[in-house]
Amino acid sequence: MSDNLFDLGAVAVCAIIGATFALLVVARLSRQGVAVPSTPIQMLYGPVFLFRKDTLIDATEDAISMIAPHLDHMTEIDAVLHVLSPHFPDLEKNLDMCDQQSTAVINSDTDDLHLEVDRSGSRLRIAVKGPNGSASIAPDSVLDRDVRLAELALLRDLTHQSPQLIWQEDLTGRLLWANQAFLAFCDKLRETECQTQSTWPHKSPFTDLHEAMISNGPSTRRIAVPLPAQKAEHWFDITSVKRDDCIFHFAVDANAVVRAEQAQRKLVQTLSQTFAQLSIGLAIFDRRRQLTTFNPALLDMTKLPVDFLSGRPTLDAMLDRLREARLLPEPKDYPSWREKFSALEAAAHEGTYSETWNLPDGQTYRVTGRPHPDGALAFLFEDVSAEVSLTRRFRTDIETGQAVLDSLREAFAVFSGTGTLVMSNKAYAELWGSTADVELTRHELKGEMQIWQSRCAPTHMWSDLHEFVQVLGTRKPWSDDAVLDDGRRLRCHATPIANGMTLVKFSFAPPMKPIIRKLTQPDQALRIGK
């Protein structure tokens, strides 16, 4: 009986030890935030997963250890499929086809692993069995081994097939390992040395990387490797990472970035040189209305200090300085004018702002606003003083010439080569009763000649004058006489002037003797008889 009591005590002690161990495992998994079995006894069943739809609600410790490395980037169901699919390729299809209240056993190609799948309502139970259906699977089982080998093969393929140049050096700079892209680039460099046979490179074409890594720690550098055959350089952005007693380097092709930066710098230099040669002042304000770009012409026109413009002043601050320098049109109410100018930023943004500034010192600036990328504005300051002065002088000359013509007693009219009335004087308007403004109304020779004929006795002179005005080429002055309906004798002179135009002058001839006047005047009796 004592032996029986001893055996019963031994069994009790073993049960207590096993339960204590199970409780410790449950506590550890709970602290890690991983789903654990609801009862410790389930740990005796090996890797078992229990899902409600696609959510893992329970699992054994062996099951959790199988999928734990993949839970940071996968869901629980995806992790299970990822681990088991290499041995059970049709696992996902079989899970979808598994009927309610049915149990299926899926066998792999070997006898080392089996799966037991049981679906009950929305719950799915997957149990991984070892050889002969045993519940225990050794840590170095074929499942774990094949998963690790598959991941290792994938990592090898990724590094070798990567378009990046990846290589490993020791702390002295000796090459230890390299991928295919690195070796291909080294072969390309050896082709320039007339060595076409592919061999392991004795040294890396990127020198001094290990020294910089040792002294400065992790770093990213941009390095150019000369290509003598092409008389060019190949640029790389190299990131170096130190691990134990070796250094890994990752080189990314930076040719496109470098070429783009070079092209941008060249374009900026070209634009800067172009802006520097412009006689038009340029001021570009960013979206915050701060000055970002200006050219030397703006300095010459505004006389503002270089340090002030280089300090990126705002548009309002620049207007204030221009007003202090008397380089703004002086309005009666400057604050309201500045607010109006600021309100015109919208018009400048649409490219419709254009104003002429008449400065107190007599200069005239034409200010134009143009939209610029990223919400900025570009203002162009153009000195149009000479243009305005020339226009004013030209207008003065025209007004003076018109005043001189109006002061003459003779009637003058100028016709173009096509027969259009260009200008006339006051005497011409009084003679023929013309009140229309020549600058506003288009007058043709044909219409004017009808007025002349209606006021004069019939004569062939008007057809001769019409032909004279229309003739091209060299002409000699022409003159003839006509008689007005009031009996006055009118003398017409046609003189060719510049650009094919014709000056027509009408003047009154000296009074005729009575007998001659009688003969030349129209007979009223004959008119009545007609």
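Residue numbers count from 1 along this sequence. Since the model is a prediction, treat every value here as computed from it, not as a measurement.
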Do Trp167 and Phe206 make the cut of ring centroids closer than 6.0 angstrom?
yes

Where Ala127 and Arg125 come nearest, the two heavy atoms and their spacing:
CB-NH1, 3.9 Å

Are more than 12 heavy atoms from other residues, nucleotides or ligands located less than 6.0 Å from atom CZ of Arg265?
yes

Take atom CZ in Arg259; do more than 12 heavy atoms of anything else shown fall under 6.0 Å from it?
yes

Do Leu50 and Leu124 have side chains that get closer than 4.5 Å, going by heavy atoms?
no

Pair Asp78, Thr75: side-chain N/O donor-acceptor within cut-off below 3.5 Å
yes

Lys53 side, atom NZ; Thr55 side, atom OG1 - distance, nearest 0.5 Å:
8.5 Å

Among Asn295, Leu380, Leu298, Thr368, side-chain contact (heavy atoms from CB on, under 4.5 Å) partner for Ile280
Leu380

Would you say the ring centroid of Phe185 lies under 6.0 angstrom from that of His234?
yes

Between the side chains of Asp383 and Ser385, is a donor N or O closer than 3.5 angstrom to an acceptor N or O?
yes

Between Met74 and Ala79, the two heavy atoms sitting closest are SD-CA, 4.0 Å

Looking at every heavy atom in both Ala376 and Phe285, which two are closest together, and how far apart are they?
CB-O, 2.9 Å

Mutual orientation of the aromatic rings belonging to His70 and His82 [parallel < 30°, tilted 30-60°, perpendicular > 60°]
perpendicular

